[in-house]
Amino acid sequence: MRLVIVGGIAAGTKAASRARRVDAEAEIVVYQDEPEPSISECGLPYLLSGVVDERADLVARTPEQFAEKGVEVRVRHRVEKIDPENKWLSVRDLENEGAFEDGYDRLVIATGARAVLPPIPGADLEGVFELRFLTDADEVRAYMEARSPKRAAVVGGGYIGLEVAENLCRLGMEVSLIEGEDRVALAYGPEVAERVEERLKENGVSVYTGAKVEEFKGEGCVRGLRYGGGDLEADLVVVGVGIEPSVELAEEAGVELGETGAIRVDRHMRTNLADVWAAGDCVETVNLVSGKRAWVPLGDTANQMGRVAGTNAATGEDTLEFPGVLGTGIFEVFDLGVGKTGLSEDEARETGFETVSAAVETMDRAGYYPGAERVFLKLIADRSSGRLIGAESAGSGADKLTDVCATAIWGGLSYPDLINLDLAYAPPFGPALSPVIQAASVLSGEFDRARRGVRAIE
Ligand code: FAD
């Protein structure tokens, strides 16, 4: 059996490794258009600043290491066409500029996503970058080495923009962050966004919200930008305003896309075409809280999907399932952990939930214990059932709180269950009552008030 995988980062290489384990005899070939496979793109902002000092540290496995496991990874090879009837692929060798055809018995599409550069005049100036692949980070680093920029502008206040802003600050640059909407970290509620913005400002980042970039200015090289409210000087610009799934190859082959524009797959990661599976940032899945189709392009999800697609492609059967996601995510900006799972209050209302929510700001460990820091936690519950449907946190220990809440949502727990959770406690690790339990108690009070029709005092 010849298994071909298109795309060799998180989902593609995970699918290849799993297929190898499941079927020791299969021929497994991965085509990857970038120069390296298996890159930890999540580490790119930290490579810019030198927190990760070797680019090689971000390459989890080289083609040679894959070869030792019996997986052939052909880098700098782009699959240009899939012929599902004859099970043929057209492949371009980007190094030698040749093209050839290859056959498959089973195929996994893991073509991922790419950055969107909006059509802003001047976006093609030298010094204006996006950050998606390792090659993008190489370009930013080469530019910084050659030009020693002093003022950076980061366009986009999502988690990648925020991580990039922090890492450019680490290099001693004057950093401005420009966000078109009225707050940064838009996937979160306003309480978290305020904390993020405050942390940016405390660390010297100039934050411009509600500021749409209209033009990048400069001759040859970027020198600044114009936004709705004025002008900014900048000799380095990193744009992180969003990504889109890379689906053209699949779509041209007749693979069905879903309502989000990403590839539609079933719970076994099968596409609508026979013997073709898909996984990672190029596919959509289901948000298990809202029950709606969702596109959640994240590295852990890509790995989980790759595991399922690789296993099922190797067996040719529906061996494993990928049920969907909660949309759990986390990032850090200037030591502020920011995590989310399930739906934000806005998302919950848009989905049709009536919500009851409660927030606490408490300590991440016993208040008297050295190093205790504040942490914010908000719980969002479905008014009719009391079930937890979302949580957001910001501060020290946000990772733990996010994971506890994700597990609670996954298990269908409601607020009375949360109040009685038996969680670990000792002074260095948390307050005697976990922030989850504290927030659940406040939530319980909110439910009582909601039942009596009393509004909380703001
Ligand atoms: P991709 O990583 O997009 O890989 C697909 C590969 O396929 C690409 O190399 C592409 O060039 C190649 N390809 C496409 N078409 C073809 C073709 N026709 N032929 C051959 N090759 C092709 N996620 C988290 O969960 N946590 C984080 O902290 C986090 N931080 C991030 C920070 C940054 C700066 C970035 C950019 C991403 C971050 N992510 C994070 C997201 C995570 O990196 C992605 O979700 C993950 O890499 C998706 O893996 P993938 O294999 O589906 O797709």
Side-chain angles (χ1 to χ4, degrees), residues 4-16 29-48 52 58-60 73-82 89-94 102 107-116 129-137 140 154 156 158-167 238-240 242-253 262-263 269 278-285 295-307 309-310 325 327-333 337-340 399:
V4 174
I5 297 168
V6 190
I9 304 288
T13 55
K14 178 54 102 185
V29 180
V30 180
Y31 286 113
Q32 161 68 349
D33 58 7
E34 293 278 305
E36 280 108 349
S38 202
I39 297 157
S40 305
E41 286 159 3
C42 312
L44 296 180
Y46 307 96
L47 183 65
L48 295 185
V52 173
L58 295 186
V59 182
V73 177
R74 306 190 71 177
V75 294
R76 303 283 291 138
H77 280 72
R78 177 176 297 139
V79 175
E80 293 189 323
K81 189 170 185 245
I82 301 168
L89 307 169
S90 304
V91 185
R92 179 155 304 275
D93 178 346
L94 301 172
D102 191 7
L107 184 71
V108 174
I109 299 174
T111 46
R114 59 179 170 247
V116 178
F129 298 97
E130 56 198 40
L131 186 68
R132 172 68 197 184
F133 300 121
L134 187 50
T135 42
D136 297 326
V140 181
V154 177
Y159 79 93
I160 292 179
L162 294 165
E163 289 176 356
V164 169
E166 177 188 14
N167 281 283
V238 181
V239 182
I243 59 170
E244 60 190 8
S246 298
V247 292
E248 294 76 7
L249 175 75
E251 194 179 13
E252 276 167 26
I263 296 173
M269 309 311 294
D281 282 7
C282 61
V283 311
E284 66 174 32
T285 180
W295 183 54
V296 185
L298 285 173
D300 54 341
T301 310
N303 270 283
Q304 288 174 308
M305 289 177 171
R307 173 175 170 272
V325 298
T328 309
I330 190 157
F331 65 91
E332 190 184 76
V333 60
V338 181
K340 175 187 172 188
D399 54 339

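Only a predicted model underlies this, so the values are computations on that prediction, with no experimental measurement involved. Order of appearance sets the numbers: ligands from 1, and atoms from 1 within every ligand.
Of the polar atoms of Pro45, none of the N or O atoms is found under 3.5 Å from an N or O of ligand 1, judged by distance alone. Remark: ligand 1 and Gly299 share an N or O pair separated by less than 3.5 Å (distance only, no angle test). For Cys282, no nitrogen or oxygen atom sits less than 3.5 Å from a nitrogen or oxygen atom of ligand 1, counting backbone and side chain alike. No N or O atom of Glu34 sits closer than 3.5 Å to an N or O atom of ligand 1. At least one N or O atom of Ala113 sits closer than 3.5 Å to an N or O atom of ligand 1.
With salt bridges taken as basic N to acidic carboxylate O contacts below 4.0 Å, one links Arg132 and Asp281.
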* To do: Mind running salt bridge (Lys or Arg N to Asp or Glu O under 4.0 Å) on Lys81 and Glu252 for me, showing each step along the way?
  => CA-CA 8 Å; Lys81 189 170 185 245; Glu252 276 167 26; over 6 Å; no
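With a 4.0 Å cut-off on non-hydrogen atoms, Glu80 does not touch ligand 1 at all. When heavy-atom distances to ligand 1 are checked against a 4.0 Å cut-off, Val6 comes that close only through its side chain, counted from C-beta outward. Of all the heavy atoms of Leu298, the ones lying under 4.0 Å from any atom of ligand 1 are found in both the backbone and the side chain. Residue Ile160 touches ligand 1 through its side chain alone, judged by heavy-atom distances below 4.0 Å. Contact annotation for Pro297 and ligand 1: only backbone heavy atoms (N, CA, C, O) come within less than 4.0 Å of the ligand. Of the heavy atoms in Phe133, only side-chain atoms (C-beta onward) come closer than 4.0 Å to ligand 1. Under 4.0 Å from ligand 1, not a single heavy atom of Ser246 appears.
Across the listed options Val30, Asp33, Val75, Ile5, Asp33 owns the non-hydrogen atom lying nearest to atom 21 (N) of ligand 1.
Ligand 1 places these atoms under 4.0 Å from at least one heavy atom of Ala110: 5 (C), 7 (O).
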